[in-house]
Amino acid sequence: MRTLNLGILAHVDAGKTTLTERLLFAAGVIDEVGSVDDGSTQTDSLALERQRGITIKSAVVSFAVGDVTVNLIDTPGHPDFIAEVERVLGVLDGAVLVASAVEGVQAQTRVLMRTLQRLGIPTLLFINKIDRAGADTERVLHGISDRLTLAIVPMGAAYGQGTRGAGFTPYGPGDRAFTAQLADVLAEHDDELLADYVHDASRLSHGRLAAALAAQARRGLVHPVFAGSAMTGAGVDHLTAGLTGLLPAADRKAEADLPVSASVFKVERGPAGEKIAYVRMFSGTLRARTRVRIDSLGSEGEGKVTAISVFSSGGTRDSQAVAAGQIGKVWGLPGVQIGNALGEPPPARAQRHFAPPSLETVVVPARAADKGALHAALTQLAEQDPLINLRQDDVRSELLVSLYGEVQKEVIQATLADVFGLDVGFRETTTICIERPVGCGAAVEFIGQPPNPFLAGIGLRVDPAPPGTGMEFGLEIELGALPFSFLKAVRETVYETLRQGVYGWQVTDITVTMTHSGYWPRQSHAHAHFDKSMSSTAGDFRNLTPLVLMSALSEAGTQVYEPIHRFLVEIPADTLGAVLPVLAKLLAVPLEQAMRGSLSVVEGDVPAGAVHELQQRLPALTRGEGVLESAFDHYQQVRGEIPLRPRSDHNPLNRKDEIMRERGAARRVPLDPDVVVRA
Ligand SMILES: Nc1nc2c(ncn2[C@@H]2O[C@H](COP(=O)(O)OP(=O)(O)OP(=O)(O)O)[C@@H](O)[C@H]2O)c(=O)[nH]1
Ligand SMILES: [Mg+2]
């Protein structure tokens, strides 16, 4: 049996959930096609999803096509829930990217395609909704070539577009234009094919081209394009055949005997509050009632699997084991988190593929007495969505969460009410900026040299790193010069400290190098026992690191960057005069302007913090006809007044003298001639 772990991805409302229903129906798993509009689909199973008619959480369903078990993951398209997409990207063998035949390539379509290509995930495209008025697959194909990729092969043509009778006819061996296009696109990545194409095109039989297409599509080099209607079922059989013929479904029996390696991509709570981990097995076989190593980026634990279920024919069934290639639900690992590895680390670890949330807000319980319950509830939500990054502001004792947008905020509010019975409100949403170092900076505190009251010597240098690289910690001291536990304390504290830079924002795209180190080993005068006043502890390193790092960072200087979205508004042409001044007021910068029939289309950059206001003001300015799309695009340096993070008095340098004094009084540093000082 082969398996294919397949993601369905698209801009919001393109028809992913409806297509999922259709695929399940075509595979004979369900007798009736459910409808998003009636709240009766398999994958939009949360009450909130059914009420709102949008997908909020990724959901897995399984069906068989011939000898292939397809584990399909239906993802949300709304940009506020992009984190759900991010978490599944690492477990996919292939994807179907859906675009609407009416709306065509949209903001999120581009973001998703870019990411799928960067990760080399084999992807088929499906142009959906050919039955809807205004459907035009040719226009969408042009849009795909223009804005997504040239490496596409349309697999057939739509007929009767815009009517209930719309359908899809696949091209065959007799279609010379199709064969010519295949040769054209495939020769790009196949030198032998290219040579024959140039010298003797007659050698390129349709059979050979079809085999080359499958091979290249399975490697993610070209993208076959299908069209149809998830609503009427047109074209869905051809897409289904493409799933098994053009994506890398594999038999992984041989890998089932290797050591266990799996990744956790989703965590949920069962009816009794028990933790359930969704795992994708990369190799080995995980069995019920056995112990497994849990690796969470450096720290390790272990857990005993109590039960397993696997996805099968639309539902799940209990199983004794889950093996290489499969997706399963695993019980019995209370400490497990999203992104953890089970057993050996899998080839590609959970990574950042999309921009982090760019907004934040304070969650306020309606009743002050609910504060503890709110903290517990948000902790559970953060377990399912770590990117909300729940944190407590110690200065004001408030709970903060990070957000992608206002819809996510509403969903958090509704979930707290429905699931936890908690009534909450929010403070105003603010933008999360980032800080990047401008130049190099260095600082050092030697051990035993006043005023350094800590039994630790630390030197750190900071250097700017290219955008997108995040944070890196390197060593210019000899390996072994510092005991590992002290080194670990420094490294962890460096990462922790960089969460709030000079202006209070997360510092990123930075390399921190440890240039000096010194410690006093375990020692005592007369007695052979550990004397804390004379021997370095990890605590000394943890306390000193922020002071040294912030000094280095202040010397380097930092610049603050704010998140910028790429927006597109489509509005009746006669309302352009009313919309442009509002764009200007919101500091949006139009970059392109065009006419599409009676509509004006404006594309440009807008600060992330202004997107919501633009969304709210557009209907009144455009008689309710304006459409806004936006997606994070880049960070831009803030000019003018530098925004300090609200509620932040984080910088330990502001209290340096005080910290040094307090510490010095608490411990008289003995000056011992036998000290070990390494620099
Ligand atoms: N006419 C027509 N309508 C469709 C088709 N596919 C989906 N729809 C409708 O489009 C709307 C959105 O469909 P969904 O399946 O929820 O889209 P989605 O991509 O899952 O949306 P999100 O998960 O919220 O991003 C619903 O009203 C569907 O009934 C289609 O092929 N033709
Ligand atoms: Mg959906």
Side-chain angles (χ1 to χ4, degrees), residues 6-26 30 32-61 72-88 95-113 125-137 140 158-168 226-240 354 404-408 410-411 627 629-631:
L6 175 78
I8 306 239
L9 280 68
H11 190 91
V12 65
D13 262 359
K16 297 171 291 293
T17 301
T18 310
L19 180 62
T20 301
E21 278 306 290
R22 262 297 154 191
L23 290 167
L24 290 174
F25 180 73
I30 50 175
E32 237 175 279
V33 180
S35 145
V36 173
D37 312 284
D38 302 341
S40 58
T41 63
Q42 300 292 310
T43 47
D44 280 357
S45 55
L46 299 176
L48 211 52
E49 294 181 312
R50 294 182 171 210
Q51 278 161 27
R52 289 176 169 249
I54 60 166
T55 304
I56 295 167
K57 297 249 174 221
S58 294
V60 186
V61 278
L72 181 158
I73 308 182
D74 177 22
T75 64
H78 196 287
D80 283 15
F81 308 116
I82 188 108
E84 288 287 311
V85 183
E86 175 153 278
R87 289 190 268 277
V88 306
V96 173
L97 181 67
V98 183
S100 156
V102 183
E103 281 85 11
V105 173
Q106 295 173 279
Q108 202 72 350
T109 327
R110 273 195 305 198
V111 171
L112 294 169
M113 188 67 192
L125 295 158
F126 185 70
I127 304 178
N128 186 32
K129 306 197 184 184
I130 59 168
D131 61 298
R132 256 183 62 194
D136 184 349
T137 49
V140 178
Y159 59 83
Q161 294 191 64
T163 69
R164 281 293 287 183
F168 176 79
F226 295 85
S229 163
M231 188 71 105
T232 68
V236 172
D237 286 346
H238 298 292
L239 176 68
T240 305
F354 302 113
Y404 278 103
E406 296 297 317
V407 175
Q408 187 189 9
E410 287 166 28
V411 166
V627 177
E629 280 175 14
S630 92

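Whatever order the structure lists ligands and atoms in, that order sets their numbers, starting from 1. Values below: all heavy atoms of this structure, side chains included; hydrogens, waters and symmetry mates excluded.
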Which residue supplies the protein heavy atom nearest to [atom], what is that atom called, and how far is it?
atom                    : result
atom 7 (C) of ligand 1  : T18 OG1, 3.4 Å
atom 17 (O) of ligand 1 : G15 N, 3.1 Å
atom 30 (C) of ligand 1 : M231 CB, 3.3 Å
atom 23 (O) of ligand 1 : T55 OG1, 2.7 Å
atom 6 (N) of ligand 1  : N128 ND2, 3.2 Å
atom 25 (O) of ligand 1 : K16 NZ, 2.8 Å

If I take atom [atom1] from residue [X] and atom [atom2] from residue [Y], how far apart are they, to the nearest 0.5 angstrom?
X    : Y    : atom1 : atom2 : answer
K16  : L72  : NZ    : CG    : 12.0 Å
S630 : Q108 : OG    : CD    : 9.0 Å
I54  : D13  : CD1   : CG    : 8.5 Å
I73  : K57  : CD1   : NZ    : 14.0 Å

Under 4.0 Å from ligand 1, counting heavy atoms only, is it the side chain of [X], its backbone, both or neither?
X    : answer
D131 : side chain
T17  : both
I54  : both
K129 : both

Min heavy-atom dist A14 to ligand 1 below 4.0 Å:
yes

Can you list the steps and then say if D237 with F168 is a side chain to side chain contact (heavy atoms under 4.5 Å, CB included)?
CA-CA 10 Å; D237 286 346; F168 176 79; over 6 Å; no

I want to know if ligand 1 touches G77 in the polar sense, i.e. an N/O pair below 3.5 angstrom.
yes

Any N or O on S229 sitting closer than 3.5 Å to an N or O of ligand 1?
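Yes, since at least one N or O of S229 sits under 3.5 Å from an N or O of ligand 1.
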
Which of the atoms in ligand 1, numbered in the order shown and given with their element, are less than 4.0 Å from a heavy-atom of V36?
14 (P), 15 (O), 16 (O)

V12: numbered ligand 1 atoms lying under 4.0 Å from its heavy atoms
24 (O), 25 (O)

Under 2.8 Å from the Mg ion (ligand 2), is there an N/O/S atom belonging to T41?
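Not a single backbone or side-chain N, O or S atom of T41 is under 2.8 Å from the Mg ion (ligand 2).
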
Is there an N/O/S atom in T17 that lies less than 2.8 Å from the Mg ion (ligand 2)?
yes

Donor-acceptor side-chain pairing of T20 and Q42 below 3.5 angstrom
no

Would you say the side-chain atoms of T55 and T17 include a donor-acceptor pair closer than 3.5 Å?
yes

Shortest reach to atom 29 (O) of ligand 1 by a heavy atom, considering only D13, D37, T41:
D37

Would a distance-only check, ignoring hydrogens and angles, find a side-chain to backbone donor-acceptor pair under 3.5 Å from S40 to S35?
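Side chain of S40 to backbone of S35: a pair is present.
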
Indicate yes or no for a side-chain donor-acceptor contact from T75 to the backbone of I8 under 3.5 Å, with no hydrogens or angles considered.
yes

V61 and L23: CA distance, side-chain angles, deciding distance, side chain to side chain contact (heavy atoms under 4.5 Å, CB included) verdict
CA-CA 10 Å; V61 278; L23 290 167; over 6 Å; no

Would you check, one step at a time, whether the test side chain to side chain contact (heavy atoms under 4.5 Å, CB included) holds for F25 with V236?
CA-CA 10 Å; F25 180 73; V236 172; over 6 Å; no

